[in-house]
Amino acid sequence: MIDRPYGAVRNINIIDMYRTHTCGELRIGDAGKEVCLAGWVQRVRKMGGMSFIDLRDRYGITQLVADETSSAEVNAAAEKLGREYVIQAKGTVAERSSKNAKIDTGDIEIRLKEINILNASATPPFTIEDDTDGGDDLRMKYRYLDLRRNAVRKNLELRHKMAFEVRNYLDAHGFLEVETPVLVNSTPEGARDFVVPSRMNPGQFYALPQSPQTLKQLLMVSGFDRYFQIVKCFRDEDLRADRQPEFTQIDCEMSFVEQEDILRLFEGMAKHLFKTVRGIDIKEDFPRMTWNDAMKYYGSDKPDTRFGMKFVELDGILKGYGFTVFDNAKYIGGICAEGAASYTRKQLDQLTEFVKKPQIGAKGLVYARVESDGSVKSSVDKFYSQDVLAKMRDAFGAQPGDLVLILSGDDAMKTRKQLGELRLEMGNRLGLRDKNKFSCLWVIDFPLFEWNEEDGRYYAMHHPFTSPNPDDIPLLDTDPGAVRANAYDMVINGVEVGGGSIRIHDSKLQDKMFRLLGFTEERAQEQFGFLMNAFKYGAPPHGGLAYGLDRWVSLFAGLDSIRDCIAFPKNNAGRDVMLDAPSVLDDSQMEELYLKSTYIKKN
Ligand code: ASP
């Protein structure tokens with residue numbers, strides 16, 4: 001983790017008109033130097049006739065001292081200072097009598113000769129300290145003050161460093177950064193669009209890009225065979241910890257490549273980031289797991305592989321003994337939590353409550369403890385003999401002291417997902433999800449389509465430009481649900497940090513794809529005619545990927561939410577509470593844009 005500001009890491013000397021040094025720079029070797037610093041007053045302490053002032057900038061904190069040897073002006077100015085005043089301070093570097101080992105400049109102080117108050121400050125609404133007394137809402141309202149705090153500032157420095165290393169790596173591999181427009185067209189496939197009315201084209205709207213997907217593909221047609229862009233993308237979705245309405249992608253595309261080329265190059269980039277940003281040298285290739293296996297063993301397409309607890313299917317062992325819940329189930333599966341046999345009744349009840357939560361939706365939970373003599377004590381003992389339970393125990397390789405947790409259901413996929421949630425919960429409870437440990441993998445062979453029960457139609461699992469696995473093309477006509485895509489995700493610690501695919505570059509196949517997705521010929525033409533048309537003029541084979549910069553940064557910073565690695569994020573209601581956006585427009589502005597609101601405020 002970088003614990004020093006980026007400028008300081010590179011040993012850049014910052015000398016401006018206002019200062020000779022930063023507040024993080026001076027050491028004992030500088031004693032005797034006449035210096036000039038500028039920054040914010042963190043705090044002022046008075047002791048006897050002396051004033052100690054902690055002066056802060058983004059590089060650190062330096063102690064300033066005014067005492068009886070200082071001039072009357074200096075002592076008068078020191079009297080006036082309050083928290084967050086901006087000052088310029090001139091003086092001599094001196095060794096401190098009581099040193100502070102906690103800060104880099106803790107061996108020295110500045111004996112003041114001059115203080116210039118550059119700007120006064122109102123009392124800040126919360127303390128600008130690591131452990132601030134400000135709540136979330138207040139910190140967001142005054143985000144510019146929050147950003148003065150180390151914790152938040154460090155995340156932005158980390159973000160800068162990561163973006164910088166991304167550019168380094170991609171530039172060294174021949175990629176060109178090309179900007180694509182922010183005002184584009186709405187494409188209903190995928191998430192909801194943010195739209196922008198066009199004054200010059202009455203009644204018409206632009207959309208903000210959900211990703212530059214089609215544009216980067218057009219750049220491939222243009223011959224820019226290695227493209228990237230660190231780009232804002234916009235999706236009008238309900239917000240979660242790892243989602244913001246605007247977020248940043250490291251968007252990449254390459255021509256004349258196969259999936260293998262892309263996986264290698266971007267695995268290389270991941271390793272480059274680990275090494276240059278976190279100092280972690282990953283030598284081994286990232287494991288690759290098929291989507292089928294990810295679902296079968298982890299119940300998730302983004303498995304957290306920092307710990308095992310792989311699913312074991314128990315249909316063959318536990319069916320047919322009169323326990324109707326299992327006898328009627330389409331799927332029975334379980335996990336083995338090592339050393340958790342000591343769980344109390346209360347803890348087991350909590351787990352049952354957990355799986356029954358509406359977001360998870362399981363009906364109940366069966367558990368089995370492996371006792372110290374190897375025998376099994378379960379919540380369904382009356383249906384099963386020790387022989388059967390021992391078979392089950394052995395299927396997990398469970399040892400004395402382990403706890404087996406079992407879910408069943410009539411929909412295998414749903415039950416696996418529920419078991420996947422339970423696995424993560426157990427991982428949390430058993431402390432197996434260490435933020436300083438990283439486990440990376442590729443999930444490959446995603447299905448091309450996802451069936452939607454409600455609409456009774458297929459949706460593209462990745463997006464409609466993803467190419468089917470060539471081996472499965474015949475299945476497009478007979479069994480579309482079984483077609484595998486040439487699509488891949490990179491997953492780290494259960495977070496999807498990026499994903500992409502080999503694209504369709506043949507206009508006929510693209511046309512067929514749109515048809516399978518329920519587009520009429522007219523609608524496909526209307527929305528994607530430009531792309532299919534471009535494909536008629538020599539589209540090279542191509543593919544790419546996008547990494548989520550915010551997710552990468554929060555992973556490296558050890559944050560649970562992407563919010564604190566974004567300078568000015570939105571809250572969970574999609575609002576910027578500092579700017580008070582979004583907001584109502586003036587009538588004249590509405591008129592100019594040919595808009596009328598149909599919104600009626602409910603009381
Ligand atoms: N455009 C895709 C996305 O935003 C990534 C890709 O396929 O390159 O998920």
Side-chain angles (χ1 to χ4, degrees), residues 166 170 175-182 184-194 207-221 224-237 242-255 257-259 261-267 269-270 291 301-302 442-450 459-469 484-492 495-505 510 513 517 527-528 531 539-552 562:
V166 164
L170 291 175
F175 283 75
L176 275 188
E177 187 163 14
V178 181
E179 287 169 86
T180 52
V182 171
V184 292
N185 252 348
S186 178
T187 51
E189 199 72 12
R192 245 176 256 116
D193 287 314
F194 282 101
L208 305 182
Q210 296 187 21
S211 92
Q213 183 60 37
T214 50
L215 292 154
K216 68 173 170 178
Q217 292 190 243
L218 292 177
L219 286 171
M220 295 303 110
V221 180
F224 292 91
D225 61 347
R226 289 179 169 216
Y227 142 95
F228 87 100
Q229 186 180 189
I230 298 186
V231 62
K232 271 291 173 76
C233 299
F234 306 85
R235 295 182 193 172
D236 187 2
E237 292 173 306
D242 61 350
R243 281 206 186 138
Q244 281 275 309
E246 51 178 301
F247 57 98
T248 306
Q249 287 200 339
I250 305 163
D251 191 48
C252 308
E253 196 75 7
M254 303 167 80
S255 292
V257 285
E258 293 188 356
Q259 174 165 316
D261 300 300
I262 296 179
L263 299 194
R264 278 194 202 154
L265 204 126
F266 289 98
E267 186 169 318
M269 182 163 125
W291 179 87
D301 57 5
K302 42 179 192 306
W442 288 105
V443 175
I444 56 170
D445 289 346
F446 275 78
L448 188 61
F449 300 109
E450 203 173 16
Y459 279 84
M461 187 109 163
H462 187 48
H463 52 54
F465 316 106
T466 294
S467 121
N469 183 320
R484 287 166 304 165
N486 265 336
Y488 33 81
D489 275 356
M490 185 183 282
V491 176
I492 305 181
V495 176
E496 179 207 322
V497 292
S501 58
I502 294 292
R503 325 297 183 188
I504 296 168
H505 64 282
Q510 186 64 70
M513 185 73 180
L517 291 169
Q527 278 173 20
F528 300 111
L531 186 72
H542 62 284
L545 152 156
Y547 275 139
L549 179 62
D550 312 285
R551 287 188 187 169
W552 268 99
I562 62 170

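Note that ligands are numbered from 1 as they come in the structure, with each ligand's atoms numbered from 1 the same way.
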Return the closest protein heavy atom for [atom] as residue, atom name and distance.
atom: atom 1 (N) of ligand 1; answer: Q213 OE1, 2.7 Å
atom: atom 9 (O) of ligand 1; answer: H462 CE1, 3.9 Å
atom: atom 4 (O) of ligand 1; answer: R235 NH2, 3.0 Å

For [X] and [Y], indicate whether the former's side chain and the latter's backbone hold a donor-acceptor pair under 3.5 Å.
X: Q210; Y: A191; answer: yes
X: Q229; Y: Q249; answer: no
X: K216; Y: F228; answer: no
X: Y488; Y: I262; answer: no

Would you mind reporting whether R235 and F247 have side-chain heavy atoms less than 4.5 Å apart? yes
Are V166 and W552 close enough that some pair of their side-chain heavy atoms sits under 4.5 Å apart? no
Is the shortest distance from a heavy atom of E496 to ligand 1 less than 4.0 Å? no
Ligand-residue contact atoms, ligand 1 with [X], heavy atoms, under 4.0 Å:
X: G500; result: 6 (C), 7 (O)
X: A546; result: 5 (C), 8 (O)
X: Q249; result: 4 (O)
X: L545; result: 8 (O)
X: S211; result: 1 (N), 4 (O)

Should K302 and E496 be marked as a salt bridge (charged side-chain N to carboxylate O under 4.0 Å, His left out) after you check the CA-CA gap, both sets of side-chain angles, and the distance that decides it? CA-CA 6 Å; K302 42 179 192 306; E496 179 207 322; 5.9 Å; no
Out of K216, E253, R503, who is nearest to atom 7 (O) of ligand 1 when you count heavy atoms only? R503
